[in-house]
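Shown next, in structure tokens, is the structure this report addresses.
When a ligand or atom number is given, it counts from 1 through the structure's own listing order. The structure presented is a predicted model; accordingly, all values stated were derived computationally and were not measured.
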Amino acid sequence: MKELKALEGKKLTVVGYGSQGHAHALNLHDLGMDVTVGLRKGSKSWEKAENSGVKVATIGEAVKGADVIMILAPDESQPELYRTEIEENLKEGAYLGFAHGFNIHYERITPKKGTNVFMVAPKGPGHMVREIFEGGHGVPCLIAVHNDVSGDTKEIAYAWANGVGRKVGVIETTFQEETETDLFGEQAVLCGGVTELMQSGFDTLVEAGYNPEVAYFECVHEMKLIIDMVYEKGFAKMRDSISNTAEYGDYITGKKIITDKTRETMREVLGDIQSGKFAKNFIDETENGYKFMNEERAKYSDSKIEAVGSKMRKMVFSK
Ligand SMILES: NC(=O)c1ccc[n+]([C@@H]2O[C@H](COP(=O)([O-])OP(=O)(O)OC[C@H]3O[C@@H](n4cnc5c(N)ncnc54)[C@H](OP(=O)(O)O)[C@@H]3O)[C@@H](O)[C@H]2O)c1
């Protein structure tokens, strides 16, 4: 296939077989590319990867002799992994890929001289990257080149993105832009912003004495239906589809919820990402054994909203 030409005849290695790893490896394998998955000895993913038809080797073995290596282990584990298993096995002129700019942008990994460095960041969670591909479609990808020794690193990035995302759309960016916008989007809007918004709406209704199941439908379940319309058709068409009552309430109330103070906080959040403060705090947290994150996980898994959600999902998805 023309769009994958730069990868044809090359040995491709995907390090890690988690959310992104399985999607990159399987999508490229399905398109006829020569893919090996690199995993640590005794990895719980070894059998799963082998059963899906890709070659599997230890990380060192998989990197040795590979032309293109995509690192898809968690961001916080990549610097040590690079130092201990990847660097010494990288051949001269290899192409080293990332799906997020974090470790290059914050200089936690400095690839050795003579290495091409690129990024292909699919704009979707790994499991959706695979599911959408299996359905015959793809997700858009951001690509960037940090180091181009061979003079064709951009072609490698395009080809990898075309394979993983089925050439749905590729946008060129930089490691800095991808890192800062990705961190901001997930914290302020997609993950942090949206979950707190849903949680606060649910709590407000429940505290006022309304049935938690009804509150869940209104503030959580229906989020997907509205967002699906925005995803497919944009804000205007979504507003076309909702009732005039809902649309009037949208204009009147949205700005009371997201106030100037919220926008100011968003700028502060962005400032902490740009200065590296967020990255430092996250690294400290990982070195502290994820203490804060484990406390938060326990708190949420025991929460009322999750208990109600579990019951509602059984009702909605059981038929
Ligand atoms: N999650 C997403 O949807 C998403 C979206 C866009 C970009 N990204 C980026 O993609 C990259 C991978 O993220 P992810 O969420 O896909 O990771 P993930 O699912 O947490 O990665 C798990 C995989 O990494 C391996 N792994 C974990 N720690 C390791 C270590 N210390 N040494 C070697 N292998 C290790 C695991 O091995 P075992 O199987 O042996 O446990 C497993 O195969 C990150 O740079 C992330 O920012 C992720």
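- Distances from atom 12 (C) of ligand 1 to the heavy atoms of Ala73, Ala99, Cys141 put Ala73 nearest.
- Proximity annotation for atom 25 (C) of ligand 1: of Gly42, Ser45, Pro74, Gly18, Pro74 comes nearest, heavy atoms only.
- Arg267 and Glu264 are joined by a salt bridge, as a carboxylate oxygen and a charged side-chain nitrogen come within less than 4.0 angstrom of each other.
- Within ligand 1, counting atoms from 1 as listed, the ones closer than 4.0 Å to a heavy atom of Pro125 are 3 (O).
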Next on the checklist: Run Asn89 and Glu85 through side-chain hydrogen bond (donor to acceptor under 3.5 Å, both in side chains) and show every step you take.
Outcome noted: CA-CA 7 Å; Asn89 293 308; Glu85 310 243 24; 5.7 Å; no
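- When atom types are taken as modelled, the side chain of Thr259 and the backbone of Lys256 share no donor-acceptor pair closer than 3.5 angstrom.
- Set against the non-hydrogen atoms of Gly16, the atoms of ligand 1 under 4.0 Å away are 43 (O).
- Under the 3.5 Å distance criterion, the side-chain polar atoms of His137 are left unmatched by any main-chain donor or acceptor of Phe133.
- Aromatic ring orientation, Phe278 versus Phe282: parallel (interplanar angle below 30°, classes split at 30° and 60°).
- Close to ligand 1: Gly126, with a non-hydrogen atom less than 4.0 angstrom away.
- Listed by number with element, the atoms of ligand 1 under 4.0 Å from a non-hydrogen atom of Ile59 are 33 (C).
- Ion pairing between Glu134 and Arg130 holds under the 4.0 Å rule for side-chain N and carboxylate O.
- In this structure a side-chain-to-backbone donor-acceptor pair under 3.5 Å is present from Asn116 to Gly93.
- The shortest N or O to N or O distance between His100 and ligand 1 is not under 3.5 Å.
- At least one heavy atom of Gln78 lies less than 4.0 angstrom from ligand 1.
- Not a single heavy atom of Asn103 sits closer than 4.0 Å to an atom of ligand 1.
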Item to check | Audit row: Glu178, His105, side-chain hydrogen bond (donor to acceptor under 3.5 Å, both in side chains) steps and yes/no | outcome: CA-CA 9 Å; Glu178 187 278 338; His105 176 57; over 6 Å; no
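- Heavy-atom contacts of Ser43 reach the following atoms of ligand 1: 38 (P), 39 (O), 40 (O) (cutoff under 4.0 Å).
- Nearest to atom 17 (O) of ligand 1 by heavy-atom distance, out of Leu72, Val139, Ile86, Val15, is Leu72.
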